[in-house]
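These notes are about the structure you will find just below.
Note on naming: letters A, B, ... go to the chains in the order of the sequence lines (proteins, then strands), and numbering restarts at 1 for each one. Side chains included, hydrogens not; waters and symmetry mates left out as well; all remaining heavy atoms used.
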Amino acid sequence: MARRYWLFKSEPSAYSLDDLRNEPGQRACWDGVRNYQARNLMRDEMKVGDRLLFYHSAIKVPAAVGTAEIVREAYPDHTQFDPRSPYYDARSSPDQPRWLMVDIRFLTAFAEPVSLPQIRRLPELSSMLLLKKGCRLSLQPVEPEAWKIILDLGRGKK
DNA sequence: GCCAACGTTGGC
DNA sequence: GCCAACGTTGGC
């Protein structure tokens, strides 16, 4: 199966690409996803070797800032069992985990962040889920064509 | 900080 | 099963 591409949103004040880069082994578990659609994408679609755009959201200029790869497929998110975690879910149990996470590893930081306005300006990228009105999905698929274009922009090519 | 759009919850 | 109320996301 061909490698697939994704976009992961994160508020950099909570967790940034640099945070990922500074992790031991430059890898981390993507915990805290509490949306069924996003969970199902992790559970059903994401495979080791898939790549993702790391996107910084909820800031002045939202932007894709680099890439990472999936290094472990979906498994239970431990924070759902921890009453002290903000992601705790009392309706979940280790027997019947409701929420999943994947592990990702840092790959690249863009020379030039690819901003949301920049993405919006390109007709070739107009079909991206990211641009859909009201699309708040924190994990979303990216078409290979869009992936290529954004990586080129990130390299600083025109 | 505002608020539109969306997902979830819970009363009925 | 409907839908109003609520909480959250995220661009602006």
Side-chain angles (χ1 to χ4, degrees), chain A residues 4-23 28-46 50-70 73-104 106-143 145-147 149-154 156:
Chain A
R4 300 193 57 180
Y5 301 101
W6 306 96
L7 180 145
F8 281 30
K9 291 181 192 170
S10 187
E11 296 192 25
S13 59
Y15 196 83
S16 70
L17 182 63
D18 272 342
D19 291 331
L20 177 61
R21 191 179 205 166
N22 292 327
E23 298 278 4
C29 53
W30 201 254
D31 60 20
V33 175
R34 295 294 180 269
N35 169 282
Y36 289 105
Q37 207 179 337
R39 179 203 66 185
N40 295 348
L41 284 176
M42 290 196 286
R43 184 189 61 200
D44 303 332
E45 310 283 346
M46 290 186 195
D50 285 1
R51 301 206 166 164
L52 59 102
L53 293 169
F54 201 105
Y55 177 86
H56 284 170
S57 68
I59 49 175
K60 208 168 289 173
V61 185
V65 292
T67 65
E69 69 177 333
I70 309 286
E73 281 159 29
Y75 64 108
D77 176 345
H78 55 84
T79 61
Q80 70 195 303
F81 310 127
D82 178 1
R84 283 158 307 173
S85 167
Y87 301 124
Y88 177 64
D89 187 340
R91 301 162 303 177
S92 197
S93 72
D95 298 358
Q96 296 248 301
R98 177 178 300 229
W99 303 111
L100 303 173
M101 61 187 182
V102 295
D103 288 358
I104 66 173
F106 173 85
L107 281 179
T108 64
F110 288 157
E112 302 280 349
V114 182
S115 73
L116 182 60
Q118 199 177 352
I119 291 170
R120 189 162 272 144
R121 229 177 287 130
L122 285 183
E124 307 92 287
L125 297 178
S126 59
S127 63
M128 284 189 75
L129 234 43
L130 184 67
L131 304 181
K132 292 266 156 60
K133 191 171 177 182
C135 182
R136 306 181 311 179
L137 197 56
S138 66
L139 313 176
Q140 49 184 262
V142 171
E143 295 300 319
E145 297 75 20
W147 173 268
I149 292 168
I150 291 178
L151 254 66
D152 279 345
L153 292 169

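Residue contacts shown for A:Lys60 are absent, as no nucleic acid heavy atom lies under 4.0 Å away. A:Leu116 comes within 4.0 angstrom of the backbone, heavy atoms only, and of no base.
Ring centers of A:Phe54 and A:Trp6: at least 6.0 Å apart, outside the cut-off.
Remark: A:Glu143 CD is loosely packed, at most 12 non-hydrogen atoms of other residues, nucleotides or ligands lying under 6.0 Å away. The number of heavy-atom neighbours closer than 6.0 Å to CD of A:Gln37, taken from other residues, nucleotides and ligands shown, is 12 or below.
Computed from coordinates, the A:Asn40 CG to B:dG7 C1' distance equals 14 Å when rounded to whole Å. A straight line from CD of A:Gln140 to C1' of B:dC6 spans 14 Å, rounded to a whole angstrom. For the pair A:Leu137 CG and B:dC6 C1', the computed distance is 11 Å after rounding to whole Å. Following rounding to the nearest Å, A:Arg136 (CZ) and B:dA4 (P) show an atom-to-atom distance of 14 Å. Summarising the geometry, the separation between CD on A:Glu11 and C1' on C:dT8 is reported as 10 Å, rounded to the nearest angstrom. With rounding to whole Å, A:Leu129 atom CG is found 17 Å from B:dA5 atom P. The distance between atom CG of A:Leu131 and atom C1' of C:dG10, rounded to the nearest whole Å, is 14 Å. Per the geometry, CG belonging to A:Leu130 stands 10 Å off P belonging to C:dG10, to the nearest Å.
Of the candidate nucleotides B:dG7, C:dC12, C:dG10, B:dG7 has the atom lying nearest to any side-chain atom of A:Gln37. You'll find that the side chain of A:Lys133 is closest to B:dA5, out of B:dA5, C:dG10, B:dT8. Nearest nucleotide to the A:Arg120 side chain, out of C:dT8, C:dG10, C:dG11: C:dG11.
For A:Tyr55, a side-chain nitrogen or oxygen approaches OP1 or OP2 of C:dG11 to under 4.0 Å. When the side-chain nitrogen and oxygen atoms of A:Lys9 are compared with OP1 and OP2 of C:dT9, none of them lie within a distance under 4.0 Å. The shortest distance between the side-chain N/O atoms of A:Arg91 and the OP1/OP2 oxygens of B:dT9 is below 4.0 Å.
For A:Asp77 and A:Arg34, the salt-bridge test passes: some basic side-chain N is under 4.0 Å from an acidic carboxylate O.
Side-chain polar atoms of A:Tyr36 and A:Arg43 form no donor-acceptor pair below 3.5 angstrom.
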